[in-house]
Amino acid sequence: LPLTLMVLVLAFGALVAALLPVAVGVLAIFVALAIIGVIALYTPMSVFVLNLTTMIGLGVGIDYSLLIVTRFREELKRGLRRHEAARRTLATAGTAVITSGLTVLVGFAALLIPPMVETRSIGLSGLVVVAVAVLLSTTLLPALLAILGRAIDTPRWLARRLAWYHAPTIWERWARSLSRHPYRALTLGGLGVALLTAPVFLLKIGLPSRHWWPSATEAGRGAETLSAMGASGVMLPIRVLVEVPEGETIVTATRLRGLRNLTDSLAADPRVGRVTSLMTAKKGASLLEYSVLYSDLPAARADMGDFLDAYLGTDQRIALVDVFPADTTSLTTSMDLVRDIRAIGQEPIRGLKGTTIIVGGYTAAATDFQDDLLDVFPLLIAVVLLIAGAACAKKPEVPPAPIRTAAEEACAAAAATATGLDASVVTVSPTASTKTGGTIYTAQVGDQSFTCVVEPDLSVSTFQPL
């Protein structure tokens with residue numbers, strides 16, 4: 001926030017004008033979080049909603065407010081009074097803010113399509129925070145501007161100090177340079193964009209390979225300690241459930257043989273550090289010894305303690321196999337390992353015929369999330385493009401007549417009377433203010449130009465051709 005405020009002060013040259021966008025952005029965050037809290041009572045919401053709401057709320061809140069405040073100051077410089085300037089601002093920049101907000105809402109609405117809590121949470125929170133930012137920028141902010149009026153430019157001394165930055169010559173030189181050499185500007189700009197987007201071709205979608213926990217946190221320090229011990233794989237084991245059909249148990253000699261075959265097959269993978277299952281409880285034990293051990297479960301439970309409860313279901317139909325990736329196996333590689341384990345489960349394993357093998361755990365869940373999201377991604381793009389295309393294909397409407405203030409109407413009426421034409425064809429633009437509080441306008445009717453001075457009581461004190 002301090003850095004954002006510094007940039008806005010530099011851009012506006014006024015502290016009050018810089019504070020308004022920040023205030024709207026912060027208020028958008030608090031209001032959106034309150035609404036999301038109510039929504040969370042009725043539907044699950046991901047914890048990432050907090051980060052997204054803060055980031056998007058501050059960004060769009062400041063962005064939309066920036067448009068409104070900038071246009072309001074321009075209208076004041078044209079000689080409009082504060083209420084008229086706020087009205088004109090809402091009719092011009094306000095329309096742009098609403099259009100921009102609707103475009104962003106379409107993108108977030110598309111995230112409601114995937115049947116996943118994470119994407120739907122992002123979609124809902126995005127819809128709420130953008131809608132709140134648009135409403136605040138087009139309701140509360142114009143009201144504040146109408147109250148502040150020219151006080152928005154305080155303190156005046158700050159504007160004088162930053163006059164060098166706002167000098168039009170700087171930007172005029174830049175604009176002229178671009179207009180004189182458009183192809184050079186296009187080439188340089190295109191190269192810059194190409195350099196910035198080039199890394200996308202090296203992008204590999206998946207979990208981070210290393211250093212995914214911040215080292216400053218206790219969890220990060222614990223992860224680094226486990227890595228130094230060569231035991232980082234214990235943090236995120238791949239959990240394999242083996243379930244036999246109804247009426248059977250997993251502790252029969254045939255099923256135990258199949259469980260050993262599965263355990264040995266998984267342990268043979270170089271990406272696997274170790275495998276823990278019912279068939280690894282006693283190091284070096286034979287199949288016959290395991291069959292005898294599990295034939296008397298109460299005795300085995302007394303001998304093995306919690307291990308048996310952790311790896312054998314209460315009805316003896318389900319057994320758990322924990323696969324701990326090797327220390328050299330990254331999270332990205334672990335996702336490939338999950339897919340390979342699932343492929344093994346689909347193959348006929350001697351002794352496990354008719355069983356159901358399910359692969360779970362954090363890495364497996366992340367793999368499923370990624371695959372489901374990538375499957376629906378083309379549909380998301382199609383929906384957004386379809387809606388955007390439909391909006392662009394809409395027939396253009398005849399633009400409404402420009403909104404005029406009461407003073408501008410008075411000047412237009414005087415020009416219409418002088419020329420004998422309708423007031424709707426008169427173009428009126430303010431040029432300056434008088435010492436008595438009136439406004440000097442230039443009225444254009446075809447090739448004829450007039451100057452008129454409209455007093456605060458809306459009377460035209462001066463009207464003469466240029």
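These numbers come from the heavy atoms of this one structure, side chains and all, not from hydrogens, waters or symmetry mates. Predicted, not measured: the structure shown is a model, and the values here were computed from it.
- Of the possible donor and acceptor atoms, none in the side chain of S277 sits under 3.5 Å from a partner among the backbone N and O of V321.
- Under the 4.5 Å side-chain criterion, counting only non-hydrogen atoms from C-beta, F369 is in contact with T119.
- A salt bridge links R339 and D371; the closest N-O separation between the charged side-chain nitrogens and carboxylate oxygens is under 4.0 Å.
- Residues L320 and T276 form no side-chain contact, since every pair of their non-hydrogen atoms from C-beta on lies 4.5 Å or further apart.
- Taking each heavy atom of V460 and C452 in turn, the nearest pair found is CG1-CB, 4.2 Å.
- Contact between G101 and V134 at its shortest, heavy atoms only, is CA-CG2, 3.8 Å.
- Atoms CZ and CG, from R82 and L76 in turn, are 10.5 Å apart once rounded to the nearest 0.5 Å.
- Within the 4.5 Å cutoff, the side chain of L141 has no heavy atoms near those of the L136 side chain.
- Under 3.5 Å, the side chains of E243 and T356 contain no donor-acceptor pair of N or O atoms.
- With contacts defined as side-chain heavy-atom distances shorter than 4.5 Å, the pair V31/V128 does not qualify.
- Rounding to the nearest 0.5 angstrom, the gap separating the CZ atom in F30 from the OG1 atom in T54 is 8.5 Å.
- Side-chain contact between I113 and L380 is present, with heavy atoms from C-beta onward closer than 4.5 Å.
- Listed here is the closest heavy atom pair of Y441 and E408: CE2-CG, 3.3 Å.
- I122 and F108 get closest at one heavy-atom pair: O-CD2, 3.7 Å.
- A donor-acceptor distance shorter than 3.5 angstrom exists from the side chain of R120 to the backbone of L112, with no hydrogens or angles considered.
- No side-chain heavy atom of I62 sits under 4.5 Å from any side-chain heavy atom of V24.
- Between M335 and Q370 there is a side-chain heavy-atom pair separated by less than 4.5 Å.
- Looking at T367, V272, T363 one by one, the single match for side chain to side chain contact (heavy atoms under 4.5 Å, CB included) with L337 turns out to be V272.
- In this structure a side-chain-to-backbone donor-acceptor pair under 3.5 Å is present from T197 to A194.
- Looking at V130 and I56, their side chains come closer than 4.5 Å, going by heavy atoms from C-beta outward.
- The nearest pair of heavy atoms linking T439 to P430 is CG2-CB, 4.1 Å.
- Taking the charged nitrogens against the carboxylate oxygens, D336 and R271 have no contact shorter than 4.0 Å, which rules out a salt bridge.
- When all heavy atoms of S177 and R184 are compared, the closest pair comes out as OG-NH2, 3.8 Å.
- Note on R81 versus E75: no salt bridge recorded, every NZ/NE/NH1/NH2 to OD/OE distance being 4.0 Å or above.
- Remark: the backbone N or O of I440 is paired with a side-chain donor or acceptor of T431 at under 3.5 angstrom.
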